[in-house]
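For ligands, and for the atoms within them, numbers begin at 1 and follow the listed sequence.
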Amino acid sequence: MNTQLSKSVTWVGYVDWAVRDFHGYRTPRGSTYNAYLVAGAHPALIDTVKAPYVDSLLAHVRERLPLEQIAYLVCNHAEPDHAGGLAQVVAACPNATVICNKKCADALRHHFDTSTWKMRLVTDGETLDLGGCTLQFFDTPMVHWPESMATYLIEEQVLFSMDAFGQHCAGPWRFDDEAPMDVVMAEAKTYYANIVMPYGRPVAAVLERLGALPLQIVAPSHGVIWRSHFAQILEAYQAWVVCRPARKVVILFSTMWDSTRAMAQAMAEGVEETAADLRLLDLDAVHDTEVAAEVLDCACLAVGSPTLNQGIMPRLASTLTYLRGLKPVGKAGIVFGSYGWAARGVDEMTHYLQTMQITSLGEAVTCRFRPDAAMLEKCRETGRVLARYALTK
Ligand code: FEO
């Protein structure tokens with residue numbers, strides 16, 4: 001496996017083939033926790049890995065130099081997938097000083113006993129001379145936590161971009177030009193939707209600032225390292241930070257006795273009469289991770305549930321709570337569902353859409369018990385309305 005990024009930089013991270021759940025995010029292809037060793041008279045390790053995989057990280061480092069030679073441990077981000085192993089690494093590298101910003105130091109103090117650590121706090125734009133290599137640090141707040149930071153190796157134009165441009169994708173490859181790009185881009189989109197989407201505005205600011213640097217290599221903390229196709233992921237990010245809509249309708253539903261399913265399917269038929277793209281997402285079959293990725297670039301969505309206990313199906317409530325936290329912007333929508341005695345579910349769904357600032361495309365479509373032919377035609381027409389809106393994008 002080729003792990004050499006540039007003259008002075010080596011990948012020393014961990015490929016996690018087994019992880020399938022990342023704090024609720026389904027990761028069918030696993031992930032990687034990328035850490036990087038930067039050579040110099042005073043070598044630096046950029047980030048660590050999840051705590052259980054520190055032995056692998058340290059073995060990779062030892063293949064290149066004794067741990068006593070590590071002068072700096074750069075912590076770009078305090079989240080445990082990158083800093084979880086930091087206490088063990090500090091203990092194993094007796095001559096190392098931890099480099100991080102003030103907010104990160106505060107977070108680390110709440111994860112570990114840092115009272116005996118050698119620490120140096122750096123500020124935005126500050127540089128660190130490794131003796132032959134120079135690191136520069138850039139605060140990247142909210143990408144993906146408030147303390148997040150990117151590190152730039154000036155001489156070799158390598159940007160350690162932390163979570164930005166990452167993907168949860170294990171593989172035998174380390175570089176974009178070694179990996180199947182359709183898989184990488186799909187996973188990058190899913191990663192953006194589920195991790196980074198709430199922070200579109202700060203991400204856009206980071207893109208503008210860091211994108212202006214001369215870049216030979218962009219090395220994120222998960223997935224492939226960008227050395228040949230960075231323009232492709234940068235262009236994709238420019239669309240994702242504004243949730244730029246495709247001509248796509250998402251119909252998202254949960255059903256109890258199949259009436260709401262019949263309504264959803266009739267809406268889908270209405271969309272299918274047009275040139276608009278369509279995703280019909282039954283929450284009995286589709287995970288929230290996939291829902292988020294589809295909502296990221298949809299133009300509009302229909303959200304459906306029967307009324308259950310004067311509310312909505314718990315499965316849909318869970319998904320809408322998750323989506324609300326991810327803050328997709330610029331979407332339009334409509335709600336629908338069957339009911340038996342009182343059409344209360346649509347009120348709850350409408351409230352969700354309002355709090356997500358989703359523009360209403362019309363009145364809720366409700367059906368008592370089972371949809372008859374007239375109701376199914378009304379649902380088809382709703383599908384056409386959604387499609388016509390999507391085709392304006
Ligand atoms: Fe990959 Fe925000 O940690």
| message | For Asp258, is there an ion pair with Arg261 - N to carboxylate O distance below 4.0 angstrom? | response | yes
| With respect to atom 2 (Fe) of ligand 1, what is the nearest N, O or S atom of Asp163? | OD2
| N/O/S atom name from His144 that is nearest to the position of atom 2 (Fe) of ligand 1 | ND1
| task | Check the angle between the aromatic planes of Trp11 and His60 and answer parallel, tilted or perpendicular using the 30° and 60° thresholds. | result | tilted
| note | Which atom of Glu79 is nearest atom 2 (Fe) of ligand 1, counting N, O or S only? It is OE1
| query | With respect to atom 1 (Fe) of ligand 1, what is the nearest N, O or S atom of Asp81? | reply | OD2
| said: Could you identify the N, O or S atom of His82 positioned closest to atom 1 (Fe) of ligand 1? | reply: NE2
| message | Let's go through Asp297 and Arg247 carefully: what are the C-alpha distance in whole Å and the side-chain angles of both, what is the deciding distance for salt bridge (Lys or Arg N to Asp or Glu O under 4.0 Å) to 0.1 Å, and is it a yes or a no? | response | CA-CA 9 Å; Asp297 62 352; Arg247 294 176 158 187; over 6 Å; no
| query | Would Glu381 and Arg384 pass as an ion pair if we require N to O under 4.0 Å? | reply | yes
| message | So that I can check it, does any N, O or S atom in His222 come closer than 2.8 Å to atom 1 (Fe) of ligand 1? | response | yes
| Taking the six-membered ring for Trp, are His168 and Tyr25 ring centroids under 6.0 Å apart? | yes
